[in-house]
Amino acid sequence: MATRAAVAAPRVLRRFFCTNSASSSPSFPFIPPPPTGAAPAPTRPTAEPNTNLFVSGLSKRTTTEKLREEFSKFGVVTHARVVTDRVSGYSKGFGFVQYSTIEEAQKGIEGMDGKFLDGWVIFAEYARPRPPPGQFVNNNTTQYGRQLS
DNA sequence: GGTGAGCGG
């Protein structure tokens, strides 16, 4: 009787198409097409409005002083920094600007986003909320709690 | 030496 073997085979294939049975996604592990098609939001859905600004597209020569100086024209900059590499000391081409209020931050974005700075078109947007410094943060662990070694 | 998308101290 080979009937048993013929029934056992499809059962294995059923595990493929019904991984965790249903109740989760009615579709296969393929790529589910967006139904409404409202917001594509590929990978960067622009963070919520806050006083912290993420400025990208900066020139390698742009420094923190220049960044604060330019953004101070649209509000009170409480904090500004151009991210530079610790080892080489070169600028990574982006920085952060923090205004006193969200209104000033909005004016800063509308006033500096798409503008030229040191010959480069910069992009100003709201910075993403950073993970809070945990109590278990140490030298061997990152801010996300992942072991480095 | 300094790329050219991105989210740091």
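The structure presented is a predicted model; accordingly, all values stated were derived computationally and were not measured. Letters go in sequence order (proteins before strands), and every chain restarts at 1.
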Measure from [atom1] on [X] to [atom2] on [N] and round the result to the nearest Å.
X: A/F54; N: B/dG8; atom1: CZ; atom2: C1'; result: 9 Å
X: A/E125; N: B/dC7; atom1: CD; atom2: C1'; result: 9 Å
X: A/I122; N: B/dG6; atom1: CD1; atom2: P; result: 17 Å
X: A/Y90; N: B/dT3; atom1: OH; atom2: P; result: 10 Å
X: A/L58; N: B/dT3; atom1: CG; atom2: C1'; result: 16 Å
X: A/Y126; N: B/dG6; atom1: OH; atom2: C1'; result: 19 Å

Without swapping roles, check the side chain of [X] against the backbone of [Y] for a donor-acceptor pair under 3.5 Å.
X: A/E70; Y: A/K66; answer: no
X: A/N50; Y: A/A127; answer: yes
X: A/Y99; Y: A/F71; answer: yes

Open item on the list: Here's a test of your reading of the structure: between A/R81 and A/F94, which maps to the more 5' nucleotide of DNA chain B?
Closed with: A/F94
Open item on the list: Here's a test of your reading of the structure: between A/V97 and A/S91, which maps to the more 5' nucleotide of DNA chain B?
Closed with: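 Its nucleotide being nearer the 5' end, the pick is A/S91.
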- [ ] Measure from the side-chain heavy atoms of A/R128 and tell me the nearest of B/dG2, B/dC7, B/dG8.
- [x]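 Out of B/dG2, B/dC7, B/dG8, the nucleotide with an atom closest to A/R128's side chain is B/dC7.
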- [ ] Give the nucleotide from the list B/dG4, B/dG6, B/dC7 with an atom nearest to the side chain of A/W120.
- [x]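 Ranking B/dG4, B/dG6, B/dC7 by closest atom to the A/W120 side chain puts B/dG4 first.
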Open item on the list: Can you confirm whether A/V55 sits close enough to A/F96 that some side-chain heavy atom of one is under 4.5 Å from a side-chain heavy atom of the other?
Closed with: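 No, every pair of side-chain atoms sits at 4.5 Å or beyond.
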TODO: Indicate, with a heavy-atom threshold strictly under 4.0 Å, whether A/G57 touches base, sugar-phosphate, or nothing.
DONE: base
Open item on the list: Once you apply a heavy-atom cut-off of 4.0 Å, does A/L53 come out as touching a base, just sugar-phosphate, or nothing?
Closed with: nothing
Task: Aromatic centroids of A/Y126 and A/F54 separated by under 6.0 Å - done: no
Open item on the list: Tell me whether A/F96 and B/dG8 count as stacked here, given that the ring centres must be under 5.5 Å apart and the planes must differ by less than 30 degrees.
Closed with: yes
Task: Heavy-atom donor-acceptor pair, A/N52 side-chain to B/dG8 base, under 3.5 Å - done: yes
